[in-house]
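Each chain gets a letter, A, B and so on, in the order the sequences are listed, and its residues count up from 1. None of these values were measured; they are calculated from a predicted model.
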Number of protein chains: 2
Amino acid sequence: MNQKTHSCQLKLRVSRDVLEVIQGKWRLPIVLALTFGNKRFGELQRDIADISPKMLSQELKALEENKIITRTLYDSMPVVVEYSLTPLGHSMKKLLDEILIWGAHFRKEVIKS
Amino acid sequence: MNQKTHSCQLKLRVSRDVLEVIQGKWRLPIVLALTFGNKRFGELQRDIADISPKMLSQELKALEENKIITRTLYDSMPVVVEYSLTPLGHSMKKLLDEILIWGAHFRKEVIKS
DNA sequence: GTAACTACTTACCGTGGGGTAACTACTATA
DNA sequence: TATAGTAGTTACCCCACGGTAAGTAGTTAC
């Protein structure tokens, strides 16, 4: 096992860790929406056009378990729940930016042509 | 619809385009493995430890259709097939780098602790 | 009193992503 | 003749991801 193969194996393992966290149709969109500021359940549902309350609730829980977002309950009337990014969540911004940059590039290269 | 909401909607659409291309357990690992140089079917199978030939074949086809990789057949004996990144594939390097950077950060913050 | 808003939860269901195992076809080597 | 290496393909199966629809619980406005 040479240096290159070793480095490749290492990176593959890291990529699989990341995929476990961001896999699925909705997690990246949710995190992305929260980079625009803290949001409530209903706001997220409106922003992410066709997500169902079931999926939103389920994915928010998963993201909370992975310490990407925080759920804050305000005991006002009516009850208000706010979701926000943790520092770890904020640390995804550069990753999200690169996804958007590449996405724009991809759109130009493949989708249009 | 204010400026912020509009920007959010736009970015959400782009992120969903990207997800369509990189979704699944194997596509990012395959592209990542190919950033280390052109590889043959068997090499990829060995590098990506537990991928089955069926999944590898299937995902390579999908990546080829999306112009991320190229399949080159050499008419030698025995027949040799080489997979390589297209310019579009190479353009994913920064995105992959950010994934790896964040993955290392995530590992430090969540997995270990 | 009833409709609507908050934030969900629960039940049910279908598709397809992904896994396993075996098989194909050709060549080289022992 | 048989075993191993090239690069896949095919058949079969399962479960989980995700969708739909309806229900819950509390408050507010009409």
Let me know the distance between [atom1] of [X] and [atom2] of [N], rounded to the nearest Å.
X: A/L56; N: C/dT9; atom1: CG; atom2: C1'; value: 13 Å
X: B/R40; N: D/dG5; atom1: CZ; atom2: P; value: 13 Å
X: A/Q23; N: D/dG18; atom1: CD; atom2: C1'; value: 14 Å
X: A/F41; N: D/dA25; atom1: CZ; atom2: P; value: 17 Å
X: B/D50; N: C/dG19; atom1: CG; atom2: P; value: 8 Å
X: B/I48; N: C/dG19; atom1: CD1; atom2: C1'; value: 16 Å
X: A/Q45; N: D/dT20; atom1: CD; atom2: P; value: 12 Å
X: A/L19; N: D/dC17; atom1: CG; atom2: P; value: 14 Å

So, do [X] and [Y] sit near enough that their side-chain heavy atoms are less than 4.5 Å apart?
X: A/L34; Y: A/L44; value: yes
X: A/F41; Y: A/S57; value: yes
X: B/F106; Y: A/L88; value: yes

Distance-minimising heavy-atom pair for B/S15 and A/L100: N-CD2, 4.2 Å
Taking every non-hydrogen atom, the tightest pair across A/H105 and B/S91: CD2-OG, 3.3 Å
Go nucleotide by nucleotide along DNA chain D from the 5' end; which of A/G24 and B/P78 gets its closest nucleotide reached first?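 This one resolves to B/P78.
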Considering heavy-atom distances to DNA chain D, does B/P53 or B/V79 have its closest nucleotide positioned more toward the 5' end?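 With B/P53 and B/V79 compared, the 5'-side residue is B/V79.
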[N] phosphate, OP1 or OP2: any side-chain N/O from [X] under 4.0 angstrom?
X: B/Y83; N: D/dG8; answer: yes
X: B/K25; N: C/dG19; answer: yes
X: A/S57; N: C/dT9; answer: yes
X: B/K54; N: D/dA11; answer: no

Output row for DNA chain D, stems defined as at least 3 consecutive Watson-Crick or G-U pairs under 3.5 Å, is C:1-30 with D:1-30
Same hydrophobic cluster for A/I99 and A/F36, using side-chain heavy-atom links shorter than 4.5 Å among ILVMFWY?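 Unlinked, A/I99 and A/F36 end up in two clusters.
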5' precedence on DNA chain C between B/W26 and A/R71 (nearest-nucleotide basis): A/R71
Among D/dG18, D/dT9, C/dT20, which nucleotide sits nearest the side chain of B/S52? C/dT20
Would you give the length of the straight line joining atom CD of A/E20 to atom CG of A/D17, rounded to the nearest 0.5 angstrom?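 Nearest 0.5 Å value for the CD-CG distance: 6.5 Å.
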